[in-house]
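Values below: every heavy atom of this structure, side chains too, minus hydrogens, waters and symmetry copies.
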Amino acid sequence: MPTEPALPDGRRAREVLAELCALRTADAPTRGGRTFAYVYDAGLDGLDELAAEAYTAFATVNGLDPTVFPSVARLENDVVGAVAALLGTPGAQGTFTSGGTESILLAVKTARDNARAERGITEPQLLLPSTAHAAFHKAASYLAVEPVVVPVDPRTFRADAGAMAAAITPRTVLAVASAPSYAHGVIDPVAEIAGAAAARGVLCHVDACIGGWILPHLRRAGREVPPFDLSVPGVTSLSVDLHKYAYADKGASVVLYRDAGLRRHQYFAHAGWPGYPVVNPTVQGTKSGGLLAQAWAVLRYVGEEGYTALAARVAEASDRLLAGLRASDGVRVLGEPAAGLVSFTVARAEGGAPDLGLLLHLADEMRALGWYLQPQLSFDGLPPNLHLTLTPATVGQVDALLADLATALEKARALEPVTVDPALTAFAAGLDPEALGPDEVAAVLAFAGLGEGAGLPDRMAPVLVLLDALPGALKERLLSEFIGSVFRI
Ligand SMILES: Cc1ncc(COP(=O)(O)O)c(C=O)c1O
């Protein structure tokens, strides 16, 4: 029997809350427009307070059973109805989920089960451009679907529709296009991919997790946006995250299908146990009504005109940032960013090859100046880059960002280049990640500066340069081990 209690004695609410809030001091700021990934700040007065109050009002409601909590059905029909009105066609039906990953997981399951029922496919394949979000690979792994990855155009970073069409096989259950892709913020040729899929009787999912809400509002604001939603012939499902450019709190997304016949394959019902009859539209069973309520409230609060104005602000931030980046020596913007996402790489000299070490030094220098820009490593001939997610709150920061970027770049150029010992790269290339024991993994992590209990180093450049040089499977093993050491209990 354990002798220590699992928890200390209960304390006053005020003290508990103070301790909780103090934990955030080391976190990147989520408001104020200096964190250019992970957070979406509308910069609107009253929005956070409204979302928090709406969450609280529904926190104890269980979304598991809308017959007991009919408010949940009303809220979900309203939210999905708004998404369908913006991005659907008559007959479209959908589901509120916890995020892009869950929406994608469900869309892949739906396609797999539909293909089994309609086409007798038992060894399904999922057709992906190489820039498709990692969530599709996760879905493929969870659902025993084989991912078939087609390289994107290395110049535009857009999916190669011709190559994707050629990669369709009798086992393909779903083809995917992004609007836009996360990595480079460019919109894939949705109509071509969907058309080729439809011609072969294959479903097509548009991952509009990041663009689904902002793109139609950018169009309303006068920007040119190509068709990408369910109105495009051949598109059969679509995902859109309300916790991105609809500015709901995290845990809010919608997956939308062409019709009820398709959505039916997403649901899980079970009557073969002695408990209550189960029917779960999503991965979750019990779920708080709070996330749905806050998303509902935020949509109502901002409204159509509000979202159009917010989209225009993001576009303004993007225009100014792109102009500044394109005028900077040695900086190259990747592709033609369509919405609020911008990626760029850097070279030692104008027109030179992307320099990973310099790029990562730049990210570290920017972090030291209080900005978070997200490093993305090289992949299959695509250059490493820094990724920025622009939000309305970043508009007022663009000039300061560009000024600091110029200073940081100068400093980064003067620093000792970070490189990896080629002998280590050669050694790593020969390792079998699955055969590595805990001691060997610990040794590699320690070498990378990520030893157990060491915490994160101040500068990530040496770690990321090493990671970039490792083979994909070893990278994945080390990432899992590293995160396992972060969540160490
Ligand atoms: C295009 C795209 N798809 C899917 C996702 C995954 O969404 P989430 O992180 O909400 O699970 C993201 C997240 O950034 C994304 O940008």
Side-chain angles (χ1 to χ4, degrees), residues 63 66 72-73 75-115 124 126 128 132-140 142-143 145 173-182 190 194 197 202-216 228-232 234-246 248 250-269 279-285 287 291-292 295-296 299:
V72 167
L75 292 179
E76 180 154 336
N77 283 328
D78 282 355
V79 168
V80 175
V83 169
L86 196 64
L87 301 165
T89 43
Q93 292 198 333
T95 304
F96 181 81
T97 77
S98 64
T101 299
E102 191 180 16
S103 288
I104 286 167
L105 199 74
L106 293 171
V108 174
K109 172 190 146 39
T110 299
R112 183 196 68 174
D113 292 358
N114 175 74
L126 172 63
L128 303 170
H133 195 277
F136 288 98
H137 293 270
K138 182 173 178 175
Y142 279 21
L143 297 164
V145 175
V173 299
L174 186 68
V176 170
S178 308
S181 64
Y182 181 80
V190 172
V202 170
L203 302 182
C204 175
H205 181 84
V206 173
D207 178 6
C209 280
I210 205 143
W213 205 259
I214 191 171
L215 289 174
F228 70 94
D229 59 24
L230 279 173
S231 65
V232 175
V235 174
T236 51
S237 61
L238 177 146
S239 46
V240 52
D241 291 353
L242 303 179
H243 61 207
K244 294 192 168 87
Y245 284 110
K250 303 211 179 303
S253 174
V254 167
V255 56
L256 195 64
Y257 297 97
R258 183 186 52 197
D259 54 40
L262 208 46
R263 187 181 66 168
R264 181 174 65 79
H265 293 289
Q266 178 191 291
Y267 286 11
F268 176 81
V279 51
N280 294 157
T282 68
V283 175
Q284 294 172 297
K287 53 187 176 188
L291 290 172
L292 177 58
W296 184 95
L299 292 183

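Between F228 and L87 there is a side-chain heavy-atom pair separated by less than 4.5 Å. Two residues are said to be in side-chain contact when any heavy atoms from C-beta on lie closer than 4.5 Å; H137 and L128 meet this criterion. The shortest side-chain heavy-atom distance between L143 and L126 does not fall under the 4.5 Å cut-off. You'll find the side chain of F136 reaches within 4.5 Å of the side chain of D207, heavy atoms only. No side-chain heavy atom of F96 sits under 4.5 Å from any side-chain heavy atom of V72.
Closest approach of L238 to A208, counting heavy atoms only: CG-CB, 4.2 Å. Closest non-hydrogen pair, K250 versus L291, comes out as O-CD2, 3.2 Å. Taking each heavy atom of D241 and G99 in turn, the nearest pair found is OD1-C, 3.8 Å. What you find for P216 and G212 is that their closest heavy atoms are CD-O, 3.1 Å. Of all the heavy atoms in P124 and V145, the pair that sits closest is O-CG1, 3.6 Å. Residues I210 and P180 share a closest heavy-atom pair of CG2-CD, 3.4 Å.
For the pair Q266 (side chain) and L106 (backbone), a donor-acceptor distance under 3.5 Å is absent. With hydrogens and angles ignored, the 3.5 Å screen pairs no side-chain donor or acceptor of N114 with any backbone N or O of L262. At distances below 3.5 Å, not a single donor-acceptor pair connects side-chain atoms of N280 with backbone N or O atoms of V283. A side-chain donor-acceptor contact under 3.5 Å links T236 to the backbone of C204.
Residue S237 holds its OG atom at 7.5 Å from CG of L230, rounded to the nearest 0.5 Å. For the atom pair CG of L242 and CG of L292, the computed distance is 9.5 Å after rounding to the nearest 0.5 Å. Atom NZ of K244 sits about 13.0 Å away from atom CD1 of I214, to the nearest 0.5 Å. Rounding to the nearest 0.5 angstrom, the gap separating the CG atom in L105 from the OG atom in S239 is 11.5 Å. One distance of note links CD of Q284 with OG of S98; it measures 5.0 Å at 0.5 Å rounding. The OG1 atom of T282 sits 9.5 Å away from the OH atom of Y267 when rounded to the nearest 0.5 Å.
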Would you check, one step at a time, whether the test side chain to side chain contact (heavy atoms under 4.5 Å, CB included) holds for T95 with E76?
CA-CA 7 Å; T95 304; E76 180 154 336; 3.6 Å; yes

One pair to check against side chain to side chain contact (heavy atoms under 4.5 Å, CB included): L299 and W213. What are the steps and the verdict?
CA-CA 11 Å; L299 292 183; W213 205 259; 3.7 Å; yes

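Identified under the side-chain hydrogen bond (donor to acceptor under 3.5 Å, both in side chains) test for residues 81-93, with sequence neighbours left out: Q93-R263.
With sequence neighbours excluded, the residues that form a side chain to side chain donor-acceptor pair (under 3.5 Å) with S103 are T97, S253. Shown here are the ring-ring contact (aromatic ring centres under 6.0 Å, His included) partners of Y182, two or more places apart in sequence or in another chain: H387.
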